[in-house]
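So you know, we letter chains A, B, ... as the sequences are listed, proteins then strands, and number each from 1.
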Protein chains: 2
Amino acid sequence: MAVLGHIVTEYVSSVIPVSSKTVAMKMGGDVSSATVRNIMADLEEKGFIAQPHTSAGRIPTDRGYRRYVDMLRRNLHQQKAEAERLANEYHQRVNTVKDVIEKASYLISHELHNAGLAMLPAIQNFYLKRLELVKVRAQTVMAVLVTVTNAVRNYIIELDREIDQKELERISNFLNSSFEHRLMLDIRQSLKGIISGNREEDREALSMADMALNLVDGIIRDGIENEIYIDGLDFFAEEPEFKDLDTARRMMQVFSRRSELVDLFRGELPDRGLRVYIGGENSSELLKDCSLITCGYSWEGKAVGRIGVIGPRRMDYYNALRTVSCLADIISGKLEELS
Amino acid sequence: MAVLGHIVTEYVSSVIPVSSKTVAMKMGGDVSSATVRNIMADLEEKGFIAQPHTSAGRIPTDRGYRRYVDMLRRNLHQQKAEAERLANEYHQRVNTVKDVIEKASYLISHELHNAGLAMLPAIQNFYLKRLELVKVRAQTVMAVLVTVTNAVRNYIIELDREIDQKELERISNFLNSSFEHRLMLDIRQSLKGIISGNREEDREALSMADMALNLVDGIIRDGIENEIYIDGLDFFAEEPEFKDLDTARRMMQVFSRRSELVDLFRGELPDRGLRVYIGGENSSELLKDCSLITCGYSWEGKAVGRIGVIGPRRMDYYNALRTVSCLADIISGKLEELS
DNA sequence: TTTAGCACTCAAGGATATTGAGTGCTAAAT
DNA sequence: ATTTAGCACTCAATATCCTTGAGTGCTAAA
């Protein structure tokens with residue numbers, strides 16, 4: 001399997017199909033190119049590498065990269081020096097959660113020379129300190145939410161019926177008194193419990209809980225927009241695969257549709273782990289020439305958001321895995337500090 | 001000058017250098033290609049058109065486009081049908097200033113098949129309703145600002161000395177009582193007036209005004225980030241000039257550096273007029289292959305923000321000018337409605 | 001002043017030849 | 001049973017040359 005490793009690393013750095021001779025050289029000269037050719041034929045049969053054309057060297061397939069990454073992860077350990085260097089980047093002004101996350105996307109992209117992504121902690125994972133509800137129009141409510149860490153965010157919610165300010169005040173009083181210091185997600189669950197547990201005995205309370213649930217859902221819905229930071233798009237322009245017009249077009253589309261990127265992250269939200277998607281393994285057709293590496297970060301012990309990197313399939317996985325996972329740890333630490 | 005017009009429109013739609021024969025055809029057959037050639041030689045000498053190579057047709061230069069656009073603007077009048085169609089797009093849910101502006105960038109890009117830009121009203125132009133100041137750390141203050149139109153925004157301000165919550169409350173009381181319903185920009189001016197007019201007679205008031213000015217400046221500074229919406233990047237990928245790698249690279253960089261785009265708009269903020277920058281006329285080197293068309297919109301009678309479109313130099317200026325200026329009017333109207 | 005006519009230019013596209021990196025297979029060596 | 005040297009074979013990439021035709025500039029006649 002050492003051969004596969006050499007093929008991957010060599011191809012990643014040189015971007016030309018690698019020949020049996022090159023591999024033999026890299027192995028230290030104790031095997032001949034003919035031997036390597038035999039091994040290569042074997043690897044090709046198993047689907048780990050492929051030839052662009054008959055008289056060319058080999059390039060790794062998705063499966064090949066996958067095997068390589070799996071091998072890599074087994075002996076991937078943080079390097080202290082590296083971790084410290086990254087952590088140091090944070091010693092300048094980072095005062096808000098937004099700062100921490102925005103900087104993360106910047107660091108990822110500049111460390112790895114690819115597109116860096118970082119999502120804000122999902123609203124469901126905030127602890128409620130105080131909620132104000134203001135009617136701004138017949139069926140429209142503005143919610144101002146203060147979290148226990150004093151982050152303030154406001155949301156616009158569309159309702160399906162008119163509501164008056166009095167009613168809104170009753171609801172916000174109810175929510176503030178019943179659910180202070182509770183997780184938004186828990187609040188939502190509790191409200192659902194109240195609604196399903198209530199057997200018409202108290203119509204007043206039922207109606208209130210119902211509307212409260214509507215509002216909480218609205219907040220969560222509105223919160224999912226614009227919660228992702230992207231940096232380093234321009235690195236793509238430097239990559240040789242950008243020469244292929246079709247690929248270039250697809251790349252532009254990927255980054256033009258933020259909502260799809262957000263979905264990508266949301267799908268695996270409750271997870272803290274490091275994930276790798278190589279080429280065709282990605283759920284989106286647009287990403288079939290890319291690899292995506294993501295890792296969750298935590299806050300108050302819970303996985304609340306994710307960061308990651310998108311690059312060409314031909315990517316320095318070793319550095320990418322290390323940097324992303326390491327940065328996720330750093331972010332988690334920073335967020336605790338901010339609390 | 002009709003010849004120049006034909007060269008521009010033809011080149012814009014076909015993307016191939018236009019020949020004397022083609023122009024003669026477009027003129028209705030009442031001139032021969034040889035005559036056109038003479039005129040062309042003239043136009044070339046004056047720098048309005050150029051030849052890619054000896055045996056090719058002509059393409060417009062920056063100066064040529066400029067002349068064309070100037071001619072165009074003289075007889076550019078809104079078409080009612082067009083204006084109504086655009087206005088109708090707004091009949092769906094637009095409840096916040098943010099919605100209006102975000103939708104504008106979307107509409108521009110989809111109408112013109114190029115990148116649409118729209119900036120939020122600049123914070124300096126907000127009317128203050130209420131301001132809360134909260135200390136979040138030794139030298140860090142969070143400001144929650146409510147405008148007379150009930151938009152809520154919050155800002156993080158770094159100070160150069162420590163401050164306590166008591167002092168912050170005195171300042172916010174002072175600002176709220178003295179400057180309710182005043183423009184942020186005016187407030188800033190007034191504070192400056194107080195500071196310079198005060199001759200040591202009241203050190204207490206001076207110190208307070210000084211800190212208040214710091215805070216207001218901080219709000220304005222923090223507010224300039226993330227105030228621009230961009231849509232339709234992917235249209236670029238379809239343009240033929242994207243085939244040129246260097247151009248493609250530059251495009252990616254343009255859109256990767258939001259801050260530069262923001263600067264572009266901020267530079268001409270107090271202006272309500274329609275502006276056109278063609279190729280090299282742009283201040284940024286990166287935009288030398290692009291044209292930028294912007295127009296300011298107003299709120300409470302003041303120019304508070306701008307929208308615009310970025311496309312290849314070879315752009316449908318007629319439609320672009322009409323759509324952008326028309327949309328600026330519509331936005332201005334919508335904002336009044338929201339007040 | 002306009003136009004027909006003609007020689008001239010040059011990018012683009014096609015056809016053909018050359019090159020060389022890399023392979024697969026076979027037969028000898030270990 | 002592996003490993004390796006040797007050799008014929010393949011094919012993308014590059015270079016070279018040729019052809020074509022769109023378009024021009026200039027001149028001389030209308």
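DNA chain C is contacted by both A:Asn38 and B:Ser32; B:Ser32 maps to the nucleotide lying nearer its 5′ end (nearest heavy atom per residue).
Between B:Tyr317 and B:Tyr68, the ring planes lie perpendicular to each other; the angle is over 60°, past the 30° to 60° tilted range.
Between the CE atom of A:Met27 and the P atom of D:dT3 there is a distance of 10 Å, given to the nearest Å.
For A:Asn114 against A:Pro312, the heavy-atom pair with the smallest separation is OD1-CD, 3.4 Å. Here the closest non-hydrogen pair linking B:Val15 and B:Pro240 is CG1-CG, 3.9 Å. Considering all non-hydrogen atoms of both residues, A:Met40 and A:Ile49 come closest at O-CD1, 3.7 Å.
The stretch residues 2-20 of chain A does not touch DNA chain D, since none of its heavy atoms comes less than 4.0 Å from the strand.
A donor-acceptor pair is defined here as one N or O able to donate and one able to accept, closer than 3.5 Å; such a pair exists between the side chain of B:Arg66 and the backbone of B:Val276. Between the B:Thr61 side chain and the B:Phe48 main chain, a donor and an acceptor come within less than 3.5 Å of each other. Between the side chain of B:Arg250 and the backbone N or O of B:Lys288, no donor-acceptor pair lies under 3.5 Å. Formation of a donor-acceptor pair under 3.5 Å by the A:Glu281 side chain with backbone atoms of A:Ile278 is found in this model. For the pair B:Arg313 (side chain) and B:Asp289 (backbone), a donor-acceptor distance under 3.5 Å is absent.
For A:Ser55, no side-chain nitrogen or oxygen approaches OP1 or OP2 of D:dA12 to under 4.0 Å.
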Legend entry - Nucleotide-level pairing of DNA chain D, given in dot-bracket where Watson-Crick and G-U pairs need both distances under 3.5 Å and | marks other strands: ||||||||||||||||||||||||||||||
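Nucleotides of DNA chain C that come within less than 4.0 Å of any heavy atom of chain B span, from the 5' end to the 3' end, C:dT2 to C:dA11.
The environment of B:Lys26 atom NZ is dense: over 12 non-hydrogen atoms of other residues, nucleotides or ligands sit within 6.0 angstrom.
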